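Some notes on the structure that comes next.
Bear in mind that the values here come from a model prediction, so they are computed numbers and not experimental data.
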Amino acid sequence: MDSFFWGSLSCVSNEKIIYLQNLEGNEPIPDDELISYEIPEYKLQYNDIVDVNIQTVEDLLLNGFNNRAAVGGNPQMQVAGQGGGDIYYMTGYTVDREGNIRLPIVGAINVKDKTIEEARIQIESQLKQYVTTEVYVKVKLGGIRYSALGEFRRPGKFVVLQDRMTIFEAIANAGDLTNISKRDEILLIRQYPEGTKLHRLNLNDRQLIRSPYYFIQPNDQLYAEPMKVREIGAGENAAQSLALIISAITAAVLIINVATR
């Protein structure tokens, strides 16, 4: 009972929940300093989904350059978008185990370990064997897919329709971390062409912005562990802690009353 009572009095310090601090021992980064970083070009891997848009000269003359209007009217895209689903799952092209995507007429095109631009050039090159007129090929990733597990306020699997996303955008999309999550030991599980690697990240450290893990990649998984404070029964915030303290005191009084009878 004593351990539960004193555990309920514990709280999480601000130092453990504030993001992007200038931690002691690191070179401080002033608020107004321009932070440069290198963003490695993402290379396509197995299970990625790419969106391929092909237009001929006739398409451009008929529909203009903004030929995507027809896609926006696709009922499948509208239903998936409204339901928060993966809108490119049915309309995009998935990279198979051999690293190929299969396009109509052209057939298999190997895009594994290629950047988006390299994949576009490869697709355009193979298309020219079948199309006599000029073609315009646009290739994009079909969104960024990632998972957030553990001490997130809204854990789950997400698809974000943009080309680039920081780890803090990914966390915000999952409802932010709870106050009892270990922000200094976030586990990032990242897929590489040769396999999977696990990386430990410290969200409290401002130096994270300079790291290669500041930007989320497709198929990343984020896992946030709880602090020890959860094991001893402390609340996530002051209101919860106060409620626990009152409960502990009430329980202690009841036990004392029973024992003295």
Side-chain angles (χ1 to χ4, degrees), residues 12-13 15-27 29 35-50 86 88-89 94-99 111-116 141-232 236:
V12 180
S13 64
E15 287 75 16
K16 292 185 177 181
I17 62 174
I18 295 177
Y19 297 120
L20 298 176
Q21 303 174 57
N22 280 312
L23 298 182
E24 186 176 352
N26 293 338
E27 180 183 354
I29 301 176
I35 303 173
S36 60
Y37 41 71
E38 293 185 6
I39 307 175
E41 284 196 85
Y42 181 72
K43 295 187 176 181
L44 294 169
Q45 304 174 33
Y46 164 62
N47 215 34
D48 279 342
I49 298 178
V50 292
D86 191 337
Y88 286 111
Y89 178 74
T94 303
V95 181
D96 63 22
R97 291 185 180 275
E98 286 71 41
V111 297
K112 183 180 178 183
D113 296 336
K114 288 183 170 63
T115 65
I116 294 297
L141 268 176
I144 298 176
R145 293 156 184 79
Y146 74 97
S147 300
L149 309 104
E151 290 299 324
F152 288 87
R153 299 189 188 278
R154 192 166 60 90
K157 185 176 180 180
F158 303 92
V159 181
V160 180
L161 300 182
Q162 57 191 61
D163 295 327
R164 190 174 73 171
M165 180 173 61
T166 70
I167 189 170
F168 290 104
E169 288 178 297
I171 291 170
N173 194 49
D176 202 358
L177 293 163
T178 67
N179 286 349
I180 59 173
S181 66
K182 290 183 178 179
R183 284 166 169 75
D184 58 344
E185 292 185 26
I186 297 296
L187 183 64
L188 169 65
I189 306 170
R190 175 160 290 179
Q191 310 300 317
Y192 295 89
E194 62 275 12
T196 300
K197 291 184 181 180
L198 281 69
H199 307 282
R200 289 283 180 181
L201 309 180
N202 185 352
L203 302 180
N204 301 131
D205 190 356
R206 190 171 292 192
Q207 295 291 334
L208 175 65
I209 299 178
R210 290 175 171 166
S211 81
Y213 313 114
Y214 181 57
F215 290 95
I216 288 292
Q217 292 187 2
N219 304 313
D220 276 356
Q221 299 173 60
L222 298 172
Y223 174 61
E225 299 177 2
M227 297 181 188
K228 289 288 185 181
V229 69
R230 162 176 270 191
E231 297 179 7
I232 58 178
E236 182 181 330

Considering only NZ, NE, NH1 and NH2 on the basic side and carboxylate oxygens on the acidic side, decide whether Glu225 and Arg200 come within less than 4.0 Å. yes

Compare every heavy atom of Gln45 with every heavy atom of Gln191, then report the nearest pair and how far apart it is. O-NE2, 3.3 Å

To the nearest 0.5 Å, how far apart are CG in Leu149 and CD in Gln221? 6.5 Å

To the nearest 0.5 Å, tell me how far Met165 CE sits from Tyr214 OH. 12.0 Å

Give the intermediate values and the outcome of side-chain contact (heavy atoms from CB on, under 4.5 Å) for residues Leu222 and Ile216. CA-CA 10 Å; Leu222 298 172; Ile216 288 292; 4.2 Å; yes

Looking only at non-hydrogen atoms, find the nearest pair between Leu201 and Ile167 and report the distance. CD1-CD1, 3.4 Å

Less than 4.0 angstrom from a charged side-chain N to a carboxylate O is my criterion; do Asp176 and Arg153 meet it? no

On the six-membered ring of Tyr146, is Lys157 placed so that its NZ or CZ lies under 6.0 angstrom from the centre and within 45° of the ring axis? no

Distance col, row Asn204:CG vs Asp184:CG, nearest 0.5 angstrom, shows 5.5 Å

Where do Glu27 and Asn22 come nearest, in terms of heavy atoms and distance? O-OD1, 4.5 Å

Quick check: closest heavy atoms across Ala148 and Ala174, and the distance to 0.1 Å? CB-CB, 3.8 Å

What distance separates Ile18 CD1 from Ser13 OG, expressed to the nearest 0.5 Å? 8.5 Å

Are Thr178 and Glu151 close enough that a side-chain donor and a side-chain acceptor fall under 3.5 Å? yes

Side chain to side chain donor-acceptor pair (under 3.5 Å) between Asp48 and Tyr42, intermediate numbers included: CA-CA 11 Å; Asp48 279 342; Tyr42 181 72; 2.7 Å; yes

Asn47-Asn219 side chain donor-acceptor pair, cut-off 3.5 Å: no

Any idea which heavy atoms bring Ala224 and Phe152 closest together, and the distance? CB-CE1, 3.9 Å

Could you give the distance from CD1 (Ile189) to OG1 (Thr196), rounded to the nearest 0.5 Å? 8.0 Å

Would Ile171 and Tyr19 count as a side-chain contact (heavy atoms from CB on, under 4.5 Å) if you check the C-alpha gap in whole Å, the side-chain angles of each, and the deciding distance to 0.1 Å? CA-CA 12 Å; Ile171 291 170; Tyr19 297 120; 4.0 Å; yes

Between Leu20 and Phe168, is a side-chain contact (heavy atoms from CB on, under 4.5 Å) present by the stated rule, with each step listed? CA-CA 10 Å; Leu20 298 176; Phe168 290 104; 3.7 Å; yes

On a heavy-atom basis, the closest approach of Ile186 and Lys182 is CD1-O, 3.5 Å

